[in-house]
Every structure is written in structure tokens, then in C-alpha cells.
Amino acid sequence: MDNGMEGMLDTYLLETEGLLDRLDEMLIADEKVGDFSTDDVNEIFRIMHTIKGSSAMMEFNSLSVIAHHIEDLFFYIRDKGIDTLSTEQKKELFNLMFRSEDYLRSGVDKVKNGEPLEENHDEFNASINDFLKKISNSGDDSLEETSEGADGQSPVAAADSLTITNLPDDPKAEVFCHVYLEEGVGMENLRAFMIVNAVRESEIEFRYYPSDMDSNPSTAQAIIDEGFYFAFDSSEAANKAELVLREQPHILSYEFINASKAKETPMPEQQPEEIVEKQPAPQAAQKQEAPAQKQAENKSQPQQKQSAPVKQSLISVNLQKLDSLNDLVGEIVITESMVTSSPVLKLLPQESMDTFMKSARQLRKLTDDLQDISMSLRMVSISGVFQKMNRIVRDMKQKLNKDVKLTIIGEDTEVDKTIVDSLQDPLMHIVRNSMDHGIEETSEERIAAGKNPQGELILSASHNSSEVIISVTDDGYGMDPEKLLDKAEEKGILTKPRHEYSKKEALGLIMLPGFSTNQQVTEYSGRGVGMDVVKKNLESVGGTISITSELGEGSTFTMKIPLTMAIMDGMKVMVGDTIFTIPIANIRSSFKIDNAEVILDENGNEMVERLDTFYPIVRLKDFYHINGLYDDLKDGVLIWVEAGDRSCCLFVDDLIGEQQVVVKPLPQYFNPYNLKDYGINGCSILGDGNICIIIDVLGIYNQAVENT
Amino acid sequence: MAEELNIQSDAETIDDKEDSLNIERCLTFESGGLLMYMSTKYVNEIINEQIITALPMVPPHIKGIINLRGSILPVLDICMLMGKESAEYTNKTCIIVLNIGSDSVGIIVDKVRQVIDIDLSVAQSIPLRNQQKLTNGMLTLDTNEVAMSLDVNSLIPTQMM
């Protein structure tokens with residue numbers, strides 16, 4: 001039983017988080033255009049409906065109530081059409097929705113951490129209701145007065161209605177309507193409030209009691225026991241309301257009571273002027289169309305949406321299960337090659353051997369496919385993390401009142417799941433810093449500096465042999481190395497004489513603990529804990545961060561993180577017994593040369609001419625001090641590689657072939673040996689279980705060409 | 001491929017002795033002509049017949065890396081660490097996979113013997129002080145053989161360098 005509940009909770013969390021992510025995506029996209037599309041209004045309505053339902057089921061009432069209110073709000077908007085809102089109101093709605101999203105998210109987080117949910121959500125409820133009132137009033141001014149009137153009186157009225165008499169104390173009211181809900185519908189106060197909203201939509205002036213039913217769950221019991229009341233100022237309004245009430249679901253019965261008569265006699269059980277018993281079943285048959293339609297919209301649409309093909313094609317899997325699947329597949333591959341290369345097979349007669357090899361080849365193909373698939377399972381697109389940055393930029397834009405455009409490049413770069421997780425915090429810190437300190441305070445300042453008044457922040461992701469490179473670029477102030485040095489001096493964190501600091505080192509100062517150039521601590525950054533945490537976080541996953549900045553032109557933070565598992569196209573080459581893999585992306589061409597083509601410099605370093613430019617030759621066997629097959633350049637193969645603007649030729653014994661490989665970092669054990677400086681920063685497990693070493697062309701170039 | 005540890009407990013030793021005893025299950029193995037032991041709490045598994053991929057630019061005692069069910073492990077030759085000739089590979093040669101802190105390493109040994117209970121409190125320090133890099137104690141086994149305690153922490157490069 002407990003397990004069942006756990007499982008349900010997991011499903012609930014997953015589903016709700018998914019919905020909130022979807023909501024976030026929509027809100028960001030819509031806000032860029034400054035408008036909600038009709039589809040999105042429907043979708044938000046459905047999302048809120050689903051969250052409301054599942055939260056209520058899990059008994060997370062505060063979440064359910066909030067979601068319910070937003071649902072109501074969007075029900076209204078959907079009904080009236082989004083175009084009835086003014087631009088101002090839309091803006092407010094966006095803010096409200098982002099706040100709601102945050103509220104729900106924090107609730108979900110609390111559930112996740114097993115903390116109790118905040119019970120006090122009245123304030124937030126009120127802000128949603130205020131907004132609903134505001135937009136509903138802008139369409140009909142008279143309603144505003146009514147609701148204000150109700151607001152003024154409600155506290156007294158509510159108290160009175162519950163203690164002294166059953167009829168609410170409302171001197172202005174002509175006619176009361178006493179409504180009982182069906183038994184056991186649950187969340188009575190909210191159901192009642194939905195009915196109230198429905199009546200309000202038909203532009204009738206009225207007040208309702210208990211007036212705090214929307215925000216006070218304890219009124220639910222009173223509503224179960226005693227029903228709830230509408231107070232109408234005229235009998236016309238009451239008649240109009242009756243039409244609406246007839247169509248509402250979950251009403252057991254309602255009766256209209258003439259207020260003047262009720263007042264004459266203190267007994268509230270006074271013969272009502274008019275009693276209309278609503279028999280839900282037979283009446284429903286007559287009124288089928290309207291309520292059925294409404295119900296269909298309310299209830300079944302979200303479910304239809306959930307079973308839409310897009311949602312169903314994704315499932316979530318425990319990461320550990322994936323890991324063990326990968327391990328198992330690896331073992332199968334190894335075992336397969338053990339079986340097919342077993343010496344016992346040589347004893348088989350030729351004919352049986354042929355049949356065996358045929359089946360073995362088939363098996364090999366299948367295991368290869370299996371391995372490819374299992375390895376690709378862990379890869380996820382980085383867009384999820386970038387999406388969150390979108391939200392941060394959006395929030396800060398408003399808070400700091402800066403106009404900034406966020407440009408995202410390469411968001412479909414696929415990286416290992418663990419990297420995505422470890423990337424989020426550092427990225428957030430950097431984006432915040434750039435927004436807060438990087439971009440100029442005002443657009444005037446930008447115009448004065450000859451820049452586009454709108455600031456720009458560029459987030460980009462790309463792969464490079466065995467690293468994923470994430471960069472955050474802003475076109476703001478840029479950093480002044482002198483200022484940084486001043487500051488560091490003042491804080492006493494310089495470790496060597498000031499004039500010995502290079503520009504790069506000066507920029508690196510901001511990543512020291514306790515360094516913050518901003519005099520004022522803001523909500524987002526400036527505590528001087530940001531960047532050193534970023535650096536530490538990145539280092540814990542083996543990554544590095546570098547900063548470039550031009551004063552007045554902006555700064556770029558580049559994070560390089562080794563891929564725990566990145567699939568890459570590589571060319572396998574052989575040097576002696578060792579197999580290296582060179583990323584195909586780095587290879588320009590491979591060719592054989594005659595000894596005559598080799599050009600020597602004064603130190604005997606070898607070069608070769610290609611397309612009118614000379615390139616140094618790096619003999620891998622000498623570079624790595626391993627035994628190669630050939631000493632003569634004409635026997636082996638030259639591979640012309642380039643990384644960025646650097647280019648050279650690598651001399652290897654032979655090419656083996658092209659293969660997709662999964663990049664794995666070397667064990668941490670090797671960190672002290674600085675293998676990265678020698679162009680080795682990863683390896684890969686080949687199909688037969690053997691390991692090949694992946695070459696980083698840039699590392700080799702730096703070591704072999706620039707350091708000699 | 002993985003060979004189950006051959007566990008032979010020596011139950012009597014536990015019963016007879018007093019509380020101050022520090023009995024641990026230890027794996028005994030031979031390497032470079034020495035009999036050595038280490039606590040089984042470091043031992044993950046014992047494998048044999050593994051292809052070792054050599055890695056350039058590392059000290060010679062690091063034989064290379066192996067693929068153990070998808071994870072990459074460094075493999076050390078403790079014979080070479082002790083300044084002897086590289087171990088000869090026979091069908092008894094195997095790799096003991098150790099977990100030392102967060103690191104996993106494999107060490108090549110000539111032969112794995114068995115798991116026994118050893119009272120670590122009777123271990124003595126090695127009289128030739130400050131000359132040993134890998135071992136940190138010695139004791140006489142019930143079979144009257146002298147065994148050296150392998151200090152697994154010495155296998156981690158930060159300690160070695």
C-alpha cells in the first residue's frame with residue numbers, strides 16, 4: 001500500500017513538473033510576442049485543470065486551490081476570448097502566471113522534499129481573484145461596484161450568517177437564493193465558488209455568502225451543512241440567475257427566499273416564496289446539451305490531451321537502470337566476441353564453421369545495434385537547461401528594468417544527462433551576473449556607447465571532440481582588468497605583485513572566493529560567492545571556465561566540460577599496437593607523401609606543403625614515445641588535422657576506419673599526469689570491448705608545435 | 001569472467017582470542033616473489049584474461065587501462081612499483097580490482113591465494129624504516145609464512161608523487 005502511494009507520488013511529481021515545464025515554455029514564448037494564442041489559453045486551462053485534479057487526489061490542497069483559481073481565471077479568459085484583454089492586462093497576466101508557476105513549483109519542491117505545504121495561500125489566491133475581478137470588470141463597470149459593495153460588507157455578513165441566523169445579513173438584498181450542493185462532491189467551497197463565478201459571468205449583480213468560500217477551505221463544512229446563499233438586489237436579477245443555476249452541475253437543490261418576508265419573521269425556516277427542486281437526473285436529460293458540453297470541456301479535454309501522441313512517446317526511466325543496461329550490453333558485446341573467436345571453433349568441420357560464422361555475423365550486427373541504442377539512451381538535449389535561462393533572463397529583465405534579448409544557439413546539442421544536471425547552477429550564476437553587472441543599466445547609456453539600445457545575451461552550446469562548450473556572451477560594459485586588480489588589492493587577495501598579472505589572470509580574479517566588484521549587493525548577484533562556486537561546480541565534473549572580455553564591448557564566459565558520454569564520429573588510426581581515434585570533425589584529409597616532399601627547418605623539424613601553406617608534421621609515435629611500425633614517412637599515412645585556426649599533420653602507421661565512438665573521460669586517477677596537455681582527454685570502448693584513446697588535436701598542437 | 005572469491009573462514013581464531021583483537025578478512029596474494037595481504041573491504045573483484053590498453057605519457061608502472069563492464073580502470077603493476085621487473089604473464093596472473101576511496105584501480109598480481117581472517121593487531125612494522133613505499137606491516141601466517149601488508153593508499157598517485 002505504501003509502495004503504491006510512493007509510486008503515485010512519483011508519478012504525480014513527474015507529471016506536475018512536466019506540466020509546469022510546458023507552462024513555462026508557453027509563457028516564455030507567448031510573452032515574447034506579448035500575447036497568448038487561443039491554443040495556449042486552452043492548454044494552460046487544461047494544465048491547471050490536471051494539476052488541480054491530481055493535487056486534490058494527492059491531498060495537496062493548497063496546490064489544488066491555486067491551480068483551481070488559475071483554472072477559473074483561464075476559464076473566464078477562454079470564454080471571453082483573450083483579445084478582450086488590454087495590453088496592460090496581458091502584461092499583468094503574464095506576471096501573475098509566472099508567479100503562479102513559481103508558487104506551484106515551490107509547492108511541488110516541498111512535496112518532493114517531504115516538507116509540509118504552506119497552508120496560508122490566501123494572499124496569493126486574493127491576487128488571482130483580484131485580477132479576475134479586474135478583467136471581468138473592465139468589460140462591465142457596473143459589476144465593479146457590486147463586488148466592491150460585497151467586499152465592504154462581507155466580513156460582518158459572513159460572521160453573522162453563520163452565528164445568528166441562517167440567512168446572511170444583507171440589508172440591500174431583495175431576494176436570497178439558498179443553494180445546496182450534492183452530497184460528497186468534495187471541495188464544496190470551490191464548487192460553490194465555481195457556481196458563483198458562473199452566475200457572475202451572466203452579468204448579474206449579486207453578492208454571495210459565505211463570501212470567503214474561495215479562500216477559506218473551512219467554509220466547505222458550512223456549505224455542506226447549510227448550503228450557501230446568493231443575495232440579489234432585485235427579483236429580475238434573481239430570475240436571470242436561476243437560468244444559470246439550472247445549468248450548473250453538482251447542485252442538489254436551490255430555493256429563492258424573499259428577503260423582506262424573511263426579515264419580518266425571525267425564523268429562517270419561513271415558507272419560501274418559491275421552491276424549485278432541481279432533480280439532477282431527469283432534468284439533465286432535458287438540459288443535456290449545455291451542461292454536457294461544459295462538462296466535456298471541463299473534464300474530458302485534458303484527458304484527451306494527455307493521450308496525444310507527443311506526450312506518449314516519452315517515458316522517464318531511472319538513471320541507474322540505464323547505467324546497468326549499458327553495463328549489461330557492454331558485457332554481452334564482449335562475451336559475443338569471446339564466443340565467436342573461441343579457439344574451439346577451429347575444431348569444427350569447415351561446413352559447420354561457415355554456418356556458425358553466418359549466425360555469428362548476424363548476432364554481431366544485432367549486438368552492435370543494441371549497443372548503439374543503449375548508449376544513445378542517456379543523451380538528452382541541452383534545451384531544457386537553456387529554457388530555464390530564458391525564464392531567468394525574463395524575470396531579471398523586469399526586475400532590473402533592462403531591455404535584453406536572449407539569443408540561444410545550439411540548444412539541440414546532446415549531452416549526457418549527468419552533465420545537463422551539473423550545468424544548470426553554474427550557468428544560472430553566469431547568466432545572472434551578466435544580466436546584473438554585464439549589461440548597461442540604461443538604454444541611454446548603451447546608445448551613448450554607440451550600441452544597440454537593446455542589450456544582447458547569447459547562450460551557445462556546441463560539441464568539440466570530447467568536450468561540450470557552453471558560452472555566455474553579453475555585449476555590455478566588459479570588464480576592466482585594472483578595476484579588477486584595484487578591487488583585488490583592496491580585498492587583499494592578490495598573490496603576487498600587481499604588475500605581474502596578465503590580463504587573463506586579472507579577469508580570472510573574479511573567480512576567487514570573496515570577490516565582487518559591485519558595491520551593492522542585489523537580489524541576484526553581488527555577494528561575491530557566485531563565480532567561485534561556479535568554478536568549483538565545474539571543476540567537480542572536470543570542466544573548466546575561461547573568461548574573455550573587452551572593455552566597453554562585453555564579456556564571454558566559456559565553459560568546457562568533458563562529456564561523460566558523447567557520441568562522436570572518429571577515425572581510428574594505428575600507431576604500433578595502439579589505436580587512436582581522431583575526431584572526424586578535425587580531419588581535413590589524409591594522404592601519403594614521398595620523402596622528397598618533406599621540408600626540414602634548422603632544427604630538423606619536418607614540414608609538408610599543402611595548398612601553398614606549410615604545416616608541421618607531428619610523428620605520434622615520437623610524440624607519445626611509443627613503438628611505431630614505420631620510421632619512414634613514405635610508409636605510413638599523414639593525416640592533416642585542424643582545430644580552430646591551428647593546423648598540422650599527424651604521422652601514423654595506418655588508417656583503420658571510421659567509427660562512431662562514445663567518448664568517456666579517463667579515470668580521475670590520471671589527473672596528476674596532465675594527459676590533457678598531451679592531447680589525451682578521453683577514451684572510448686570499441687565494439688569488441690577494447691579501448692581506444694581519443695586524441696584532442698588542439699592539445700597535441702599546443703604541446704608539439706608551440707612548445708618546441 | 002569474474003572469479004568468485006574463494007572464501008575460507010578460519011572460525012576458530014575468532015572464538016579463542018580476546019576483545020582487543022582486530023580481526024579482518026584479508027585476501028592473500030603473491031606478487032614479485034612476495035606474499036602479501038590486504039583487507040577484503042578494498043577488494044571489489046578479481047578478473048583475469050583482460051586486454052590492457054597501454055596509455056602513453058604515464059609512468060611505466062601504470063600498465064594502461066581496462067574496460068570493466070563499461071567503466072574504465074587504470075591498471076598498475078605493483079612489481080614495477082616495487083622496483084622489480086615487470087610481472088610475467090601466466091595463466092595464474094590476474095587483476096585485483098580495488099576500490100580506494102572514490103578511485104577504482106586494478107593491480108596485476110602473480111597469483112591470488114585465498115581469503116583468511118587475520119588479526120591485524122599482531123602485525124609488526126617493517127624493521128627497515130622508511131624504505132618501503134607499498135607495504136606498511138608484516139606478520140607470520142598460520143602456515144608459518146611471512147606476509148606483507150599492502151598499503152592500498154600508496155597506490156593513489158597523490159601519495160606516490
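Proteins get letters first, then strands, A, B, ... in listed order; numbering begins at 1 in each. In this text, all values refer to a predicted model and were calculated from it rather than measured experimentally.
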Measure the spacing between CG of B:Asn67 and OG of A:Ser684 and express it to the nearest 0.5 Å.
-> 9.5 Å

Is the number of heavy atoms from other residues, nucleotides or ligands under 6.0 Å of A:Asn627 CG greater than 12?
-> no

If you tally heavy-atom pairs under 4.5 Å against chain B, which of A:Ile680, A:Leu675, A:Thr578, A:Ile626 wins?
-> A:Leu675

So with a 6.0 Å cut-off around CG of A:Asp622, is the heavy-atom count from everything else above 12?
-> yes

State, with a plain yes or no, whether a side-chain heavy atom of A:Phe670 is found less than 4.5 Å away from one of B:Pro74.
-> yes

Under 6.0 Å from the CE atom of B:Met36, do we count more than 12 heavy atoms belonging to anything else shown?
-> yes

Working for side chain to side chain contact (heavy atoms under 4.5 Å, CB included), residues A:Tyr673 and B:Leu55 | CA-CA 11 Å; A:Tyr673 302 114; B:Leu55 208 57; over 6 Å; no

From OH (A:Tyr669) to CG (B:Leu73), nearest 0.5 Å = 11.5 Å

Atom group of A:Leu666 that falls short of 4.5 Å from chain B, counting heavy atoms | side chain

Could you tell me which non-hydrogen atom of A:Phe623 sits nearest to which non-hydrogen atom of B:Met57, and how far apart they are?
-> O-SD, 3.6 Å

Heavy-atom pairs under 4.5 Å with chain A are the metric here; pick the option from B:Ser104, B:Pro59, B:Ala54 that has the most.
-> B:Pro59

Rounded distance (nearest 0.5 Å) linking atom CD1 of A:Ile693 with atom OG1 of B:Thr53 = 7.0 Å

So which part of B:Ser71 gets closer than 4.5 Å to some heavy atom of chain A, the side chain, the backbone, both or neither?
-> backbone

dist B:Ile52:CD1 -> A:Asn690:CG (nearest 0.5 Å) comes out at 11.5 Å

Part of A:Cys683 lying under 4.5 Å from any heavy atom of chain B | side chain

